[in-house]
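Note sheet for the following structure.
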Amino acid sequence: SERTFIAIKPDGTQRGLVGKVITRFEERGYKLVGLKAIAPSKELAELHYDDLKARPFFAGLVKYISSGTPVIAMVWEGKDVIRQGRAMIGATNPLESAPGSIRGQYCISVGRNIIHGSDCFEAAEKEINLWFGKAGEL
Ligand code: ATP
Ligand code: MG
């Protein structure tokens with residue numbers, strides 16, 4: 001069955017939104033098959049977002065993700081979970097996220113948008129390996 005990598009970012013953890021996010025995925029019918037709290041190193045954050053390293057916000061993004069506050073790293077499984085997970089999360093900029101989406105309900109800043117979800121099958125594979133494989137210890 002299809003799997004995706006979902007992570008609650010430091011602001012989501014700090015704001016106590018972990019339970020709400022998990023409940024949405026559970027109630028939708030998805031299965032939680034991996035879960036851990038991890039304060040990512042700079043190296044792990046850089047590898048996770050390596051496709052964005054040329055962007056002007058990359059350094060700030062890495063700093064935010066590796067701030068020391070735990071990220072809740074999860075693997076969710078079920079039908080079409082990659083695409084559905086992205087739809088449940090909402091647009092990257094919360095000001096453009098549908099009001100019923102996770103970002104659309106809980107945030108207003110693109111640099112503090114609570115949650116990450118893999119955007120395609122290849123990204124899901126890469127991210128699950130990164131966070132739950134050996135590199136997850138970086
Ligand atoms: P994520 O990968 O975290 O799920 P996304 O796929 O919706 O988010 P990406 O384009 O992969 O969006 O960007 C990764 C993250 O970088 C965004 O979630 C956001 O926190 C940050 N980001 C993206 N664009 C900007 C921007 N213009 N200014 C500041 N931060 C940004
Ligand atoms: Mg992305």
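Just follow the structure's listing: the first ligand is 1, and inside any ligand the first atom is 1. Since we're looking at a predicted model, the values are computed, not measured. If you read the sequence from its start, that first residue is 1, and numbering goes on from there.
With Val62, Val110, Ile6 as candidates, the residue nearest to atom 28 (N) of ligand 1 on a non-hydrogen basis is Val110. The residue from His48, Lys9, His116 that puts a heavy atom closest to atom 4 (O) of ligand 1 is His116.
In terms of protein heavy atoms, atom 22 (N) of ligand 1 is closest to Phe57 CE1, 3.5 Å. Protein heavy atom at the shortest distance from atom 13 (O) of ligand 1 is Leu52 CD1, 3.4 Å.
Note that CG of Asp119 and CZ of Arg83 are 13.5 Å apart. Values are rounded to the nearest 0.5 Å. Here the straight-line distance linking atom CD of Glu125 with atom CD1 of Ile82 works out to 8.5 Å at 0.5 Å rounding.
Aromatic rings of Trp76 and Phe25 (six-membered ring for Trp) have centroids within the 6.0 Å cut-off, being under it.
Inclusion of Asn113 in the set of residues having an N or O under 3.5 Å from an N or O of ligand 1 is warranted.
Close approach of ligand 1 to Tyr49 (heavy-atom distance below 4.0 Å) involves ligand atoms 1 (P), 2 (O), 3 (O), 14 (C). The ligand atoms of ligand 1 that sit less than 4.0 angstrom from a heavy atom of Arg86 are 4 (O), 5 (P), 6 (O), 7 (O). Taking every non-hydrogen atom of Arg103 and a distance limit under 4.0 Å, the qualifying atoms of ligand 1 come out as 1 (P), 3 (O), 4 (O), 7 (O), 8 (O), 18 (O). Short contacts between ligand 1 and Thr92, defined as distances under 4.0 Å to a heavy atom of the residue, involve ligand atoms 5 (P), 7 (O), 12 (O), 17 (C), 23 (C). Proximity to Gly117 (heavy-atom distance under 4.0 Å) selects the following atoms of ligand 1: 4 (O).
Taking the centre and axis of the six-membered ring of Tyr64, the NZ or CZ atom of Lys9 falls outside the cone set by 45° and 6.0 Å.
At least one donor-acceptor pair closer than 3.5 Å links the side chain of Arg103 to the backbone N or O of Ile115. No side-chain donor-acceptor contact under 3.5 Å links Arg3 to the backbone of Ile128.
Side chains of Arg112 and Gln14: no donor on one and acceptor on the other come within 3.5 Å.
Under a 4.0 Å N-O distance rule, the pair Lys126/Glu122 does not qualify as a salt bridge.
Proximity of Leu61 to ligand 1, defined as any heavy-atom pair under 4.0 Å, is confined to the side chain (atoms from C-beta onward).
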